[in-house]
Amino acid sequence: MTENAAPTARRSRFGAPLPAAFFEPPTELVARALLGAVLECDTPEGRASGRVVETEAYLGAHDEACHAVVGHTPRTAPLFGAPGTAYVYLIYGMHWCFNAVTRPQGHPSAVLVRALEPLEGVALMRRRRPRARRDEDLTNGPAKLCAALGIGPEHNGRGLQRPPLVLRAGTPVDDAAVLVTPRIGITRAAELPLRFLLRDSPFVSRTPPHFVRKPYAA
DNA sequence: CATTTGATGTTCT
DNA sequence: GAACATCAAATGC
């Protein structure tokens with residue numbers, strides 16, 4: 001019995017888990033590199049996964065928009081942890097959002113995953129998000145994708161290299177397919193171009209009309 | 001299409 | 001007491 005041992009240990013159809021070293025470089029580079037990766041979440045109800053199509057970089061203790069500006073507190077503790085761990089937080093008292101922690105231990109930075117293209121478990125996602133009318137609305141926002149995949153506080157601080165929550169290597173994304181804009185929904189350091197998205201994906205969140213969209217330059 | 005508003009509770013000033 | 005890395009519904013073009 002070496003295969004199919006348990007539902008939560010099911011093999012993935014996608015790439016290998018991204019190693020901790022993947023998350024160590026400067027956060028804006030990790031945010032760009034995460035486009036095309038696969039985020040996968042196993043729960044007792046089943047597996048749901050999606051391809052990353054939109055991210056934002058939060059650069060650390062000196063980034064006024066990063067939660068770590070307030071220092072090491074119970075809430076921000078996971079941001080100071082090892083690269084490749086999950087930071088899951090509650091926003092507006094009702095929605096969970098998911099980040100992958102970046103940079104070496106003690107450097108509190110992270111990438112917010114803002115949108116996915118659904119891959120596995122679409123029927124499960126529809127049950128979890130009954131108000132989504134179209135498949136494009138299942139995971140096209142940071143709180144929507146957490147609801148659809150079943151990501152919550154139980155995942156906060158966990159490593160992303162093994163189930164239940166895993167980030168896997170995915171299909172490479174060409175620079176020409178990437179657009180950069182300011183980050184969404186923040187008031188401090190709002191002008192910095194740190195949001196990365198796939199130009200032609202119908203699964204990205206809406207870009208405010210006045211935002212500058214520019215091609216990605218490596 | 002764009003813009004506004006209400007819901008909800010934790011964190012921080 | 002205010003702010004908040006949001007969402008969905010409702011209103012105005």
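Residue numbers start from 1 in every chain, and the chains themselves are labelled A, B, ... in the order their sequence lines are given, proteins ahead of strands.
Atom CG of A:L79 and atom P of B:dT11 are 14 Å apart (whole Å). Straight-line distance from the CD atom of A:E56 to the C1' atom of C:dT6: 12 Å, rounded to whole Å. In this structure, A:I186 places its CD1 atom 8 Å from P of C:dA5, rounding to the nearest Å. Atom CZ of A:R134 is separated from atom P of C:dA9 by 13 Å (rounded to the nearest Å). Between the P atom of C:dA2 and the OH atom of A:Y92 lies a distance of 16 Å, rounded to the nearest Å. One interatomic measurement links the two molecules: CG of A:N99 to P of C:dA5, which rounds to 11 Å at whole-angstrom precision. Atom CD of A:E54 is separated from atom C1' of C:dT6 by 13 Å (rounded to the nearest Å). Straight-line distance from the CD1 atom of A:I91 to the P atom of C:dC4: 9 Å, rounded to whole Å.
Of the candidates A:R51, A:R13, A:R168, A:R13 is the only one forming a salt bridge (charged side-chain N to carboxylate O under 4.0 Å, His left out) with A:E120. If you run side-chain contact (heavy atoms from CB on, under 4.5 Å) between A:L160 and each of A:L165, A:V166, A:T85, A:L18, only A:L165 comes through.
One finds the CG atom of A:L112 at 10.0 Å from the OH atom of A:Y87 (value rounded to the nearest 0.5 Å). Rounding to the nearest 0.5 angstrom, the gap separating the CG atom in A:L34 from the CD atom in A:E56 is 13.0 Å.
Interface remark: the A:Y89 side chain does form a donor-acceptor pair with the C:dA5 base, using a distance-only criterion of under 3.5 Å.
Separation of the A:Y58 and A:H67 ring centroids does not fall under the 6.0 Å cut-off.
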Any N/O pairs under 3.5 Å between the protein and nucleotides 2-6 of chain B? List them or say none.
from, atom 1, to, atom 2, distance (Å)
B:dA2, OP2, A:R206, NH1, 2.9

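In this model, the phosphate group of B:dT11 is not approached by any side-chain N or O of A:H67 to a distance below 4.0 Å at OP1 or OP2. Contact check, A:T73 against B:dC12: a side-chain N or O comes under 4.0 Å of OP1 or OP2. Within the 4.0 Å cut-off from OP1 or OP2 of C:dA9, at least one side-chain nitrogen or oxygen of A:R131 is found. An OP1 or OP2 oxygen of C:dT6 is reached within less than 4.0 angstrom by a side-chain nitrogen or oxygen of A:R114. The side chain of A:R129 contributes an N or O atom lying less than 4.0 Å from OP1 or OP2 of C:dA8.
Judged purely by distance below 3.5 Å, without hydrogens or angles, the side chains of A:E54 and A:S205 pair a donor atom with an acceptor atom. Looking at A:T181 and A:R213, their side chains never bring a donor and an acceptor atom within 3.5 Å of each other.
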Start with the C-alpha distance between A:E40 and A:S49, add both sets of side-chain angles, then the distance that settles side-chain hydrogen bond (donor to acceptor under 3.5 Å, both in side chains), and finish with yes or no. CA-CA 4 Å; A:E40 169 186 287; A:S49 65; 5.5 Å; no

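Using a 4.0 Å heavy-atom distance criterion, A:R183 is classed as making no nucleic acid contact. A:L112 comes within 4.0 angstrom of a nucleotide base, judged by non-hydrogen atoms across all strands.
Look at A:Y58 and the base of C:dA5; the rings stack, centres closer than 5.5 Å and planes less than 30° apart.
Between C:dC4, B:dT10, C:dC7, one nucleotide has an atom nearer to the side chain of A:L90 than all others, and that is B:dT10. Of the candidate nucleotides C:dA5, C:dC4, B:dC12, C:dA5 has the atom lying nearest to any side-chain atom of A:C66. Closest to the side chain of A:A143, from the set C:dC4, C:dA5, C:dC7, is C:dC7.
Ring geometry, A:H72 versus A:F80: the interplanar angle falls from 30° to 60°, so the pair is classed tilted.
Checking A:R75 against A:D137, the closest nucleotide of DNA chain C that is more toward the 5' end is the one next to A:R75.
Of all non-hydrogen atoms in A:R103 and A:P26, the two that sit nearest each other are NH1-N, 3.4 Å.
Taking a pair as Watson-Crick or G-U wobble with both distances under 3.5 Å, the runs of three or more consecutive pairs in DNA chain B are B:1-7 with C:6-12, B:9-12 with C:1-4.
Between A:R129 and A:D135, no side-chain nitrogen of the basic residue sits less than 4.0 Å from a carboxylate oxygen of the acidic one, so the salt-bridge criterion is not met.
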